[in-house]
Asks: 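Got a structure here, written out as structure tokens. Questions coming.
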Amino acid sequence: MPELPEVETSVRALRDSLVGETFSEARIYWPRHIDRPDPQTFRERIVGLRVEDIGRRGKYMVFSLSDDETLIIHLRMTGHLAVVEYNAPLRDHTHTILGLASGKELRFNDTRKFGRLYLVRDQEEVLGKLGPEPLAPDFTPEALATQLERRSMRLKPLLLDQSFIAGVGNIYADEALFHAGLHPKRAADSLTKSEINALHAAIQKVLRMGIAREGASIDRYRKPDGTRGDMQNAVAVFRRTDEPCYHCGAPIRRIVLGGRSTHYCPECQVL
DNA sequence: AAGAGACCCTGGATGC
DNA sequence: TGCATCCAGGGTCTCT
């Protein structure tokens with residue numbers, strides 16, 4: 001499942017092959033992928049727009065286009081983007097194809113069809129509610145403390161809330177809490193200053209590790225070129241239910257919080 | 001504000 | 001081998 005490190009990895013790869021390209025057509029085979037505008041308008045409006053830069057905000061890929069337009073793509077669970085030659089064999093579940101003036105194509109493949117494309121002039125209408133970027137300079141331990149002290153939610157569901165922190169998903173939330181030594185059910189406003197510092201450091205540590213390892217290919221995530229990342233080989237708790245904790249040997253436990261599976265070490269992360 | 005649950009989807013796992 | 005059922009997971013929505 002693409003989270004911040006997986007999206008960042010994909011953005012970096014696409015930047016090389018896509019910046020400078022101009023869209024020549026849009027072929028939409030699953031219209032519900034187009035969140036806005038309506039698919040017909042999307043199809044007409046994207047033609048002739050040039051990709052000037054590709055960035056990332058949380059788990060969203062942000063394509064800055066000519067004419068002050070922005071293409072925003074969220075991969076959700078199984079979305080995958082790749083730039084290929086127009087005559088490359090078509091894979092199953094390729095639901096949208098954006099033709100490029102060079103003859104190549106940007107193909108959006110998404111088995112579970114949760115991914116979304118947005119073509120907007122004001123990107124704030126899509127990104128406006130996102131919380132801070134966890135690797136940005138202004139995300140300091142003090143900033144995190146200010147956010148935490150006014151919330152009483154349990155840490156795990158809070159970390160998954162994109163308006164609290166942008167980009168953290170189920171893998172990196174579990175990993176960050178393990179590295180911080182914090183129980184997933186701890187109330188946000190109950191943390192001491194040193195625990196907040198530990199959480200802040202752990203969030204940045206696991207995200208940077210994920211980027212350095214080019215993402216976690218735990219389910220179906222692949223880089224744009226189809227190869228795997230390496231972060232799945234460095235997880236401490238995620239999907240390691242009943243396996244021994246690398247730190248203390250206790251079996252990793254799995255519980256469900258906020259409807260999401262949650263993995264933690266009952267010895268290293270006491271409530 | 002917090003928490004629970006439904007929904008969208010499909011492939012893979014599990015059960016019989 | 002084959003069929004039915006369950007489940008994960010990001011984000012959004014509804015209800016309490």
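Letters A, B, ... are given to chains in the order of the sequence lines, protein chains preceding strands, and every chain is numbered from 1. These figures come from a predicted structure and were not determined experimentally. We use all heavy atoms of the structure for the numbers below, so side chains are in, but hydrogens, waters and symmetry mates are not.
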Asks: According to the interplanar angle, ranging from 0 to 90°, do the rings of A/F139 and A/H200 count as parallel (below 30°), tilted (30 to 60°) or perpendicular (above 60°)?
Replies: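 If you compare the ring of A/F139 with that of A/H200, the planes turn out parallel.
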Asks: Quick one: does A/R15's side chain have a donor or acceptor within less than 3.5 Å of a partner on A/I54's backbone?
Replies: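 Such a contact is found between A/R15 side chain and A/I54 backbone.
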Asks: Separation of A/R32 atom CZ from B/dC8 atom C1', in whole Å?
Replies: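 Interatomic distance, CZ of A/R32 to C1' of B/dC8: 7 Å.
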Asks: What one-letter contact string describes nucleotides 10-16 of chain C from 5' to 3', where B marks a base within less than 4.0 Å of any protein heavy atom, S marks contact via sugar-phosphate atoms alone, and - marks no contact?
Replies: BBS----
Asks: Find the distance A/D161:CG to C/dG9:P and express it as a whole number of Å.
Replies: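 After rounding, the gap between these two atoms is 18 Å.
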Asks: Does a donor on one side chain and an acceptor on the other come within less than 3.5 Å for A/T78 and A/D110?
Replies: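 Looking only at side-chain atoms, A/D110 and A/T78 do form a donor-acceptor pair, the distance falling under 3.5 Å.
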Asks: Please determine whether a side-chain nitrogen or oxygen atom of A/H93 lies at a distance below 4.0 Å from atom OP1 or OP2 of B/dG11.
Replies: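 Checking B/dG11 against A/H93, a side-chain N or O does come within under 4.0 Å of OP1 or OP2.
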Asks: Which whole-number value in Å describes the distance from A/M153 CE to B/dA1 P?
Replies: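 The distance from CE of A/M153 to P of B/dA1 comes to 11 Å, rounded to the nearest Å.
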Asks: Is there, by distance only and without an angle test, a donor paired with an acceptor across the side chain of A/R154 and the base of B/dA2 below 3.5 Å?
Replies: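 Per atom types, no contact qualifies.
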Asks: Does CG in A/D68 sit with more than 12 non-hydrogen atoms of other residues, nucleotides or ligands closer than 6.0 Å?
Replies: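 For A/D68, atom CG is not crowded (no more than 12 foreign heavy atoms under 6.0 Å).
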Asks: Hey, which sits more toward the 5' end of DNA chain B by its nearest nucleotide, A/S152 or A/R116?
Replies: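 On the 5' side of the pair lies A/S152.
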Asks: Which is it for A/R36 and A/F42 under the side-chain contact (heavy atoms from CB on, under 4.5 Å) test, yes or no, and what are the steps along the way?
Replies: CA-CA 7 Å; A/R36 66 191 75 174; A/F42 181 100; over 6 Å; no
Asks: Under 4.0 Å between a side-chain N/O of A/K113 and OP1 or OP2 of B/dT10, yes or no?
Replies: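 Checking B/dT10 against A/K113, a side-chain N or O does come within under 4.0 Å of OP1 or OP2.
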Asks: In whole angstroms, how far is the P atom of B/dG11 from the CZ atom of A/R222?
Replies: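 Between P of B/dG11 and CZ of A/R222: 15 Å.
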Asks: Is any side-chain N or O of A/R151 closer than 4.0 Å to OP1 or OP2 of B/dA2?
Replies: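 Checking B/dA2 against A/R151, a side-chain N or O does come within under 4.0 Å of OP1 or OP2.
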Asks: Does some side-chain heavy atom of A/E133 sit less than 4.5 Å from a side-chain heavy atom of A/R57?
Replies: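 The answer is yes; the side chains approach within 4.5 Å.
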Asks: Just the rounded figure in Å: distance from P of C/dG9 to CD1 of A/I255.
Replies: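 Computing the A/I255:CD1 to C/dG9:P distance gives 14 Å.
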Asks: Does OP1 or OP2 of C/dG9 have a side-chain N or O of A/T78 closer than 4.0 Å?
Replies: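 No, because none of the side-chain N or O atoms of A/T78 sits under 4.0 Å from OP1 or OP2 of C/dG9.
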Asks: As a quick check of understanding, evaluate salt bridge (Lys or Arg N to Asp or Glu O under 4.0 Å) for A/K193 and A/E195, giving each step before the final call.
Replies: CA-CA 5 Å; A/K193 193 168 183 216; A/E195 287 175 327; over 6 Å; no
